[in-house]
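Take a look at the structure set out below.
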Amino acid sequence: MIHFSQESALSKRAKADVCLIPFYEGKKGAECACKLTTQLQAGIKSALSSGDFTGEASQTLVLYLSGQPEKRAVLVGLGKEKELTVEVLRRAYSTSAKLCHKLKIKAANALLPTSESLSTEEISRGLSEGLLLSNYAFDKLKTSKTSSQQLLQKVALIGDGKEALKSAKEALHICQGVYFARDLVNGNADDVTPEHIGDMAKEIAKKHSTVKTQVFSKSKIEKEKMGLLLAVSRGSHIDPSFVICEYKGDPKSNDTTVVVGKGVTYDTGGLNLKPTGSMETMKADMGGAATALGTLHAVASLKLPCNLTIVIPTTENSISAKSYKPGDVYKSYQGQTVEIGNTDAEGRLILADALSWASKNLKPTRIIDFATLTGAIVIALGNEAIGLMSNDEKLASDLQKAGNDSYERACQLPVYEEYRQQLNSDVADIKNIGGRAGGSITAAVFLKEFVGKGIPWAHFDIAASAYLDKAIRYNPQHGTGIGVRLMLSYLKNHVCK
Ligand code: BES
Ligand code: ZN
Ligand code: ZN
């Protein structure tokens, strides 16, 4: 966690371990992207004239100062001034944060860049998100806590602009939602159980009077006749849960966004058991649930003026004598019968019951689901874009804009009705697999059947990016919390008035 403060006068800045000084590429001498005192200019002059630092985006250079509130400075390259974007800032300050960790820096003075194209709000958002998203470590399962001990603790924003601190604090709330999601994904599957997911939802409700949580136990799920969630859960010795968490930030309005998250706390594949090499990361199969909870966490702490309900069907997909069986037919909450073509296509089953339960009981204005749903999306898009499928063009286009704004970019795939025949079953109303062709799309086509008539719905397949083998820029190795920032941007810019 970073504590942010602001000081408008450069000469009044407090002591810190480092001064982060932004530079644009191609500027001569000590002409940097912010105001500098003459002493500071003198301090960095020789480093600049050496030519070791050009100001190229995300380039950094450490140099040592004397007679300054900081014993060192880090020059931060922002690339060409005309090409500055929020994302350039995120990347540059993410690199700077990682350098600070190496140098065991706890407190930084960050001189705010000035820009002709970006507003103070955008500059501060990019800078703060870059620092915050990289300032994360998960060492709960390690004996030595060295990585979390190296994190930055204090950042003073130095420069004018009232918006800067406000926007940094907003970024902090959003990134705390991201951390919340990452922690859940990174936790042991034996700890992050369906019961634990319910407990986390209750924790959020305890902190915010605007949030109400309900957790359906197995017996309630039976009473509700969620036959698909029950089928998937049969192989496990632990019970499934169905979590509903309601945030009312605009009680007078009927507009309600429902976010559904896939909460498979461990996916063995069931009787269609996954092979070695495909199972090891499957504690992350509740990534959608983590995104939903992280979003709620951030929305509630920012007190956004909109209504959000999250719905999480959660279970293990385990294997035992009681496991649900390939070839058998189970009845969904909505009434359709489903032939199980493959027990490893379990995510769409539990989501189907959740989507129809939400459609029937929550009067949703729109439903958005997040799910680590298909290996096919990894093949189709890699991890630079998440899959977006929808029955509503306006919703899809707003979500895509939010994806660009947060740089959690989404690529839309079609859900043409012609794909539906791939799911035809000889014995039931529908089958849960549609063959290899268009695997991510047929999964979405399956889901679509369970969304209430006339409800705008969008589905995000985050199988490729909820959990990473290797860090990418400010996304750390393992749980990323992807989707939280996208949803915050969507709700703020397209839903809240
Ligand atoms: N949880 C997996 C999808 C997944 C794969 C997530 C890789 C993260 C990384 C899902 O439940 C699954 O197993 N899907 C099957 C569907 C198939 C049987 C139709 C898949 O994608 O192979
Ligand atoms: Zn599976
Ligand atoms: Zn799964």
Side-chain angles (χ1 to χ4, degrees), residues 181 185-186 189 192 194 197 228-229 231-236 240 260-291 312-319 323-327 338-354 369-383 385-387 389 413 419 422-425 430-447 459-470 477-483:
V185 171
N186 290 330
V192 184
I197 287 183
L228 301 180
L229 175 57
V232 173
S233 75
R234 285 177 28 163
S236 178
V260 177
K262 171 178 171 181
V264 173
T265 55
Y266 199 79
D267 184 8
T268 68
L271 289 178
N272 294 110
L273 192 65
K274 285 184 185 293
T276 297
S278 299
M279 204 192 290
E280 291 78 357
T281 60
M282 283 302 139
K283 68 172 183 186
D285 211 21
M286 33 55 72
T291 300
I312 301 173
T314 172
T315 177
E316 260 185 13
N317 185 23
S318 215
I319 187 165
S323 287
Y324 77 129
K325 296 172 180 66
V338 180
E339 179 193 349
I340 306 306
N342 192 315
T343 57
D344 199 8
E346 83 299 338
R348 64 196 74 180
L349 297 173
I350 69 167
L351 287 171
D353 276 352
D369 76 69
F370 284 89
T372 48
L373 205 60
T374 65
I377 206 73
V378 188
I379 307 302
L381 301 176
N383 43 31
I386 56 183
M389 286 143 270
L413 300 174
Y419 290 105
Q422 285 180 240
L423 300 171
N424 286 348
S425 162
I430 193 167
K431 197 161 67 181
N432 78 331
I433 52 165
R436 267 169 64 80
S440 303
I441 293 172
T442 51
V445 169
F446 182 90
L447 295 180
H459 155 63
F460 284 110
D461 194 333
I462 55 169
S465 28
Y467 191 87
L468 299 174
D469 292 336
K470 267 198 199 137
Q477 189 189 30
H478 302 154
T480 59
I482 193 142

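Remember, it's 1-based here, ligands and their atoms both numbered in the order they're listed.
Residues Ala444 and Met389 share a closest heavy-atom pair of CB-SD, 3.5 Å. In terms of heavy-atom proximity, Tyr419 sits nearest to Val445 at CB-CG2, 3.9 Å. Here the closest heavy-atom approach between residue Ala290 and residue Val185 is recorded as CB-CG2, 3.7 Å. Across Gly261 and Pro313, no two heavy atoms sit closer than the pair O-CD, 3.2 Å. Pro326 approaches Thr343 most closely through the heavy-atom pair CD-CG2, 3.8 Å.
At a cut-off of 2.8 Å, Asp285 is not counted among the residues with an N, O or S atom near the Zn ion (ligand 2). For a distance bound of 2.8 Å, the N, O or S atoms of Lys262 include one lying that close to the Zn ion (ligand 3).
Judged purely by atom type and a 3.5 angstrom limit, Thr315 has no side-chain atom pairing as donor or acceptor with the backbone of Pro240. Side-chain atoms of Lys431 never come within 3.5 Å of backbone atoms of Glu339 as a donor-acceptor pair (strictly under, hydrogens ignored). Of the possible donor and acceptor atoms, none in the side chain of Asn186 sits under 3.5 Å from a partner among the backbone N and O of His478. Side chain of Thr480 to backbone of Ser465: a donor-acceptor contact under 3.5 angstrom is found. Although no hydrogens or angles enter the test, the distance criterion places a donor-acceptor pair under 3.5 Å between the side chain of Thr268 and the main chain of Asn317. No side-chain donor-acceptor contact under 3.5 Å links Asp267 to the backbone of Asp285.
Of the heavy atoms in Arg436, none comes closer than 4.0 Å to ligand 1. Within the 4.0 Å heavy-atom criterion, the part of Asn342 lying near ligand 1 is the side chain and not the backbone. The proximity of Val264 to ligand 1, defined as any non-hydrogen pair under 4.0 Å, does not occur for either the backbone or the side chain.
Every atom of ligand 1 with a heavy atom of Arg348 under 4.0 Å away is listed here by number and element: 16 (C), 19 (C). The atoms of ligand 1 that sit less than 4.0 Å from any heavy atom of Asp285 are 1 (N). Taking a cut-off of under 4.0 Å to the non-hydrogen atoms of Lys262, the atoms of ligand 1 that pass are 1 (N), 10 (C), 11 (O). Less than 4.0 angstrom separates some heavy atom of Met282 from each of these atoms of ligand 1: 1 (N), 4 (C), 5 (C), 6 (C), 7 (C), 8 (C), 9 (C). The Ala463 neighbourhood of ligand 1 comprises atoms 6 (C), 8 (C), 9 (C), with distances under 4.0 Å to a heavy atom of that residue.
Annotation: Asp267 places an N or O atom under 3.5 Å from an N or O atom of ligand 1; distance criterion only. Inclusion of Glu346 in the set of residues having an N or O under 3.5 Å from an N or O of ligand 1 is warranted.
Of the residues listed (Thr372, Leu413, Ile462, Asn383), the one engaging Ile377 in a side chain to side chain contact (heavy atoms under 4.5 Å, CB included) is Leu413, and it is the only one. Shown are Leu349, Asp344, Thr442, Leu228; of these, the side chain to side chain contact (heavy atoms under 4.5 Å, CB included) with Asn432 is made only by Leu349.
Ligand 1 is never approached by Met279 to a heavy-atom distance shorter than 4.0 Å. Distances shorter than 4.0 angstrom occur between a heavy atom of Thr372 and an atom of ligand 1. At a 4.0 Å cut-off, not a single heavy atom of Met286 sits close enough to ligand 1 to count as contact.
Taking atom 15 (C) of ligand 1 as the reference point, the nearest protein heavy-atom neighbour is Asp344 O, 4.0 Å. Nearest to atom 19 (C) of ligand 1 among the protein's heavy atoms is Ile433 CG2, 3.5 Å. Of all protein heavy atoms, the one closest to atom 10 (C) of ligand 1 is Leu373 O, 3.3 Å.
Closest heavy-atom approach to atom 5 (C) of ligand 1 within the set Ser465, Gly375, Gly288: this belongs to Gly375.
Asp267 has its closest N, O or S atom to the Zn ion (ligand 2) at the position named OD2. Nearest N/O/S atom of Glu346 with respect to the Zn ion (ligand 2) is recorded as OE1.
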